[in-house]
Amino acid sequence: MNGVETKLPPNFISTIVAEDVKSGKHGGRVLTRFPPEPNGYLHIGHAKSICLNFGLASEFGGLCNFRFDDTNPGKEEIEYVDSIMNDVRWLGFDWDERLFHASDYFEQLYKWALDLIRDGKAFVDSLSADEIRETRGTLTEPGKESPYRNRAVAENLDLFQKMRAGEFEDGQCVLRARIDMASPNLNLRDPVLYRIRKMSHWRTGDKWCIYPMYDYAHGQSDALEGITHSICTMEYEDHRPLYDWFLDNINVPSRPRQIEFARLNLSYTVMSKRKLLRLVRERKVAGWDDPRMPTLAGIRRRGYTPESIRAFCERIGVGKKESTVDLAFLEYSIREDLNLKAPRVMGVLNPLKVVIENYPEGQTEYLDAINNPEDPSAGVRQVPFSRELYVEREDFMEDPPKKFYRLSPGREVRLRYAYFITCTGVVKNDKGEVVELRCTYDSATKGGDSPDGRKVKATLHWVSAPHAIDAEVRLYDKLFTEPEPGDDFMEKLNPKSLEVVEAAKLEPSLEEAPPGSRYQFERLGYFCVDQDSTPSRRVFNRTVTLRDTWAKVMKAEGISPVK
RNA sequence: UGGGGCGUGGCCAAGCGGUAAGGCACGGGUCUUUGGCACCCGCAUUCGAAGGUUCGAAUCCUUCCGCCCCAGCCA
């Protein structure tokens with residue numbers, strides 16, 4: 001990806017894999033898999049899993065399969081299938097021809113179920129869902145065996161075949177494993193293997209009316225594909241004994257090992273599909289790809305790069321401890337990446353008109369501006385300068401506090417790549433609000449340096465009024481006001497998570513900026529052109545602000561920012 | 001209090017019996033035509049707690065405390 005392969009920091013999983021490779025387990029082969037269920041959009045938490053699985057594979061010269069865990073037609077939709085594949089590709093991973101589905105294995109899974117029945121290890125239970133729940137027992141008391149638990153093999157075989165043939169209605173019966181109703185691990189109390197669902201499946205159509213449960217499908221799918229390390233999140237740890245039980249009691253072709261790690265939590269955001277779905281359904285955000293969403297679609301639209309997401313996932317580490325990563329860490333990753341790549345440009349979000357009184361009317365000069373100080377190869381561009389300009393309203397204070405060293409009456413500052421200007425007058429409206437600044441410029445300071453060595457404390461961004469282009473700029477901030485939104489997250493929504501600037505003034509070089517392109521608006525932050533943008537109505541999203549030391553000073557000094 | 005898992009600075013995270021890496025955040029400074037970037041300095045006598053073993057413990061043993069997960073015909 002970037003010439004020199006940076007060595008990934010080791011973690012407990014890569015240590016296990018390294019030992020297996022060294023000991024020759026699986027013949028030194030490494031095959032992982034990313035197994036999403038197509039019932040929602042992928043989010044940054046999935047990115048951690050994707051990077052882990054594909055990363056491990058490439059680190060040890062192995063491969064990573066892509067597999068849809070499509071065992072529940074009631075919840076899965078084709079819309080999600082497309083978005084999921086698109087997101088994984090965008091993140092930068094490729095599964096070549098290795099696209100699989102749990103549904104590819106329905107026939108084999110069915111045959112194995114028949115084997116389990118013949119071995120007396122599975123039975124058809126005619127208890128209702130409620131009855132099964134009631135007899136499962138509790139955390140402290142054992143469950144009760146189903147009265148159907150000892151049906152004869154022949155009867156079970158007959159019943160199960162009839163289940164498949166559609167002779168029963170939904171819920172009338174299920175196939176259950178015959179393990180141990182007294183197990184302290186609830187997953188082992190005769191878990192359901194198959195349930196009847198008379199609905200068509202996005203891939204198998206109406207071929208099946210019985211569908212395998214996750215536990216029954218996952219491990220065997222892994223075994224069928226020859227997966228060596230099946231990595232999942234901590235909540236499946238209790239399922240591992242069952243995962244292993246199937247592998248021990250079925251004649252599977254290989255023996256995968258399940259390893260669990262802690263899922264990612266991010267401060268100031270919610271990650272569960274249920275909560276994200278609610279934000280979408282209740283219109284708290286514009287959709288799954290709203291730039292405030294932690295979905296990959298949202299993050300992408302926000303302007304994050306796949307490289308920054310990968311770097312983030314590599315840095316947060318992999319462990320078994322529940323943790324919440326600071327959102328600032330994610331922001332650090334995108335700033336770090338964009339600092340090196342994003343072309344610099346000037347744009348004024350909250351325009352304050354400036355008239356340079358001693359600058360010739362009608363004159364336009366084109367000044368050289370460096371595109372990216374971090375990347376000389378990015379070259380220079382020319383920006384127009386004229387008598388009337390816009391500067392940021394926040395860059396002027398009529399009565400500045402001691403630490404404010406931007407523009408104020410009588411103060412001289414530099415306009416980036418242009419001239420030193422001195423504020424000579426302030427024009428106010430009848431409400432007393434500053435509506436225009438009158439300034440003079442020093443023609444000897446063209447380009448931004450004074451031949452007499454005169455120094456100036458501040459450098460301001462600006463844009464020439466007659467040359468500026470208008471744009472809508474969407475300023476995004478955290479979606480929630482609290483680091484841990486919790487279950488009442490709907491009450492913790494940040495009312496200022498989106499502020500729309502209707503008419504920002506941008507330098508004309510942005511005229512043709514294509515959707516998706518990213519820029520640094522100097523002194524403000526990183527922005528990207530939104531997909532809603534059109535030539536007649538340009539729309540930019542703020543990906544993240546620049547680090548703002550001045551904002552911290554203001555906060556510390558109790559100075560309120562100018563509105 | 002059935003079972004499983006986890007507890008190292010504000011947030012992540014190395015460490016695996018030899019005397020607490022690194023990153024983010026934070027504070028201070030240098031530099032600066034972005035109050036950006038870069039660079040420098042600071043930031044746990046202490047590893048959930050208490051005992052014990054040992055010349056020596058975050059690492060081994062006890063006990064205790066705290067947090068998370070499991071009672072879907074969801075994944």
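This is a predicted model, so every value here is computed, not measured. Just so it is clear: chains get the letters A, B, ... in the order the sequence lines come, proteins before strands, and each one is counted from 1.
The pair A/Arg523-A/Glu394 does not count as a salt bridge, with every side-chain nitrogen at least 4.0 angstrom from each carboxylate oxygen. Salt bridge A/Glu225/A/Arg67: present, at least one basic N to carboxylate O contact under 4.0 Å. The pair A/Lys320-A/Glu237 meets the salt-bridge criterion, with a side-chain N (NZ, NE, NH1 or NH2) lying under 4.0 Å from an Asp/Glu carboxylate O.
Along RNA chain B, the nucleotide nearest to A/Thr71 and the one nearest to A/Lys48 differ in position, and the one closer to the 5' end is contacted by A/Lys48. If A/Asn339 and A/Glu237 are placed on RNA chain B by their nearest nucleotide, the residue sitting closer to the 5' end is A/Glu237.
Here the rule is side chain to side chain contact (heavy atoms under 4.5 Å, CB included) with A/Asp215, and of A/Trp245, A/Phe246, A/Tyr243, A/Tyr236 only A/Phe246 fits it.
Within the structure, side chain to side chain donor-acceptor pair (under 3.5 Å) contacts touching residues 544-557 of chain A (residues at least two apart or in different chains) are A/Lys403-A/Glu557.
In this structure, NZ of A/Lys75 is placed 8 Å from C1' of B/G72, rounded to the nearest angstrom. A/Arg523 has its CZ atom 11 Å from the P atom of B/G36, to the nearest Å. Atom pair A/Tyr405:OH and B/U32:P shows a separation of 13 Å (rounding to whole Å applied). In this structure, the CZ atom of A/Arg33 is 15 Å from the P atom of B/A75, given to the nearest Å. Rounded to whole angstrom, the span from the CD atom of A/Glu134 across to the P atom of B/G72 amounts to 11 Å. Atom CE in A/Met199 sits roughly 10 Å away from atom P in B/C74 (whole-Å rounding).
In summary, the aromatic rings of A/Phe160 and A/Tyr194 are positioned with their centroids under 6.0 Å apart. Ring-centre distance between A/Phe521 and A/Phe527: below the 6.0 Å cut-off. Aromatic pair A/Phe123/A/Tyr148: centroids not less than 6.0 angstrom apart. Proximity of the aromatic rings of A/Phe385 and A/Trp462 is defined here by a centroid distance below 6.0 angstrom, and this criterion is met.
Atom name C1', nucleotides B/U34 and B/C26: the rounded distance is 23 Å, in whole Å. Taking atom C1' in both B/G51 and B/G22, the straight-line distance is 33 Å, to the nearest Å. For B/C37 and B/A25, the P atoms lie 9 Å apart once the distance is rounded to whole Å. Between the P atoms of B/A21 and B/G9, the separation comes to 14 Å (whole Å). Separation of the C1' atoms belonging to B/A14 and B/U46 is 16 Å when rounded to the nearest angstrom. As rounded to the nearest Å, B/G15 and B/G7 have C1' atoms that lie 15 Å from one another. Spacing of C1' atoms, B/C68 relative to B/U62, comes out at 25 Å, to the nearest Å. Separating the P atom of B/C11 from that of B/A49 is a span of 15 Å, rounded to the nearest Å.
Here B/G72 is in the syn range [glycosidic angle within 90° of 0].
Under the Watson-Crick and G-U wobble criteria, each requiring two contacts below 3.5 Å, nucleotide B/A44 is left unpaired. Under the Watson-Crick and G-U wobble criteria, each requiring two contacts below 3.5 Å, nucleotide B/C37 is left unpaired. The partner of B/U62 is B/A50, by the rule that a Watson-Crick or G-U pair needs both atom distances under 3.5 Å. Base pairing annotation: B/C24 forms a Watson-Crick or G-U wobble pair with B/G10, both donor-acceptor distances under 3.5 Å.
Contact annotation for A/Glu260: no contact, since no heavy-atom pair falls under 4.0 Å across all strands. Residue-level contact check: A/Tyr194 touches neither bases nor backbone, having no heavy atom under 4.0 Å from any strand. Using a 4.0 Å heavy-atom cutoff across all strands shown, A/Ile316 reaches sugar-phosphate atoms only and no base atom. A/Val325 comes within contact range of the sugar-phosphate backbone alone, with a heavy-atom separation under 4.0 Å but no base atom that close. Within 4.0 Å of A/Phe404, counting heavy atoms only, lies at least one base atom of the nucleic acid. Residue A/Arg133 is classed as a sugar-phosphate contact, given heavy-atom separations below 4.0 Å to backbone atoms only. Residue contacts for A/Tyr211: at a heavy-atom cut-off of 4.0 Å it reaches no nucleic acid atom on any strand shown. When heavy atoms are screened at a 4.0 angstrom cut-off, A/Thr138 is found touching base atoms of the nucleic acid. Contacts of A/Thr324 with the nucleic acid, taken as non-hydrogen atoms under 4.0 Å apart, involve only primed sugar atoms and P, OP1 or OP2. A/Pro241 comes within contact range of no nucleotide atom at all, as no heavy-atom separation falls under 4.0 Å. Base engagement by A/Asp238 is indicated by at least one non-hydrogen atom pair under 4.0 Å involving a base atom. At the heavy-atom level, A/Leu127 lies under 4.0 Å from base atoms of the strands shown. Counting any heavy atom pair closer than 4.0 Å across all strands shown, A/His239 reaches a base atom. Using a 4.0 Å heavy-atom criterion, one finds that A/Ile132 contacts the bases of the nucleic acid, with or without backbone contacts as well.
Aromatic ring orientation, A/Tyr211 versus A/His201: parallel (interplanar angle below 30°, classes split at 30° and 60°).
Neither OP1 nor OP2 of B/C11 sits under 4.0 Å from any side-chain N or O of A/Ser323. At B/C73, one or more side-chain N or O atoms of A/Arg136 fall inside 4.0 Å of OP1 or OP2 (strictly under the cut-off). Regarding contacts with the backbone of B/U34, every side-chain N or O of A/Arg414 stays at 4.0 angstrom or more from both OP1 and OP2.
Contact annotation: side chain of A/Glu374 to base of B/G36, donor-acceptor pair present below 3.5 Å.
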- prompt: Which parts of nucleotides 20-28 of chain B does protein reach within less than 4.0 Å, heavy atoms only, written one letter per nucleotide 5' to 3' as B for base, S for sugar-phosphate only and - for none?
  reply: ---SSSS--
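In this structure, the nucleotide among B/U34, B/A13, B/C73 sitting nearest to the side chain of A/Lys321 is B/A13. Here B/C68 is the nucleotide among B/C73, B/C68, B/U34 with the atom lying nearest to any side-chain atom of A/Glu322. Which of B/U34, B/G4, B/C73 sits closest to the side chain of A/Arg344 comes down to B/U34.
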- request: Check the pair A/Leu277, A/Trp288 against side chain to side chain contact (heavy atoms under 4.5 Å, CB included), reporting the backbone distance first and the verdict last.
  value: CA-CA 8 Å; A/Leu277 184 62; A/Trp288 286 102; 3.4 Å; yes
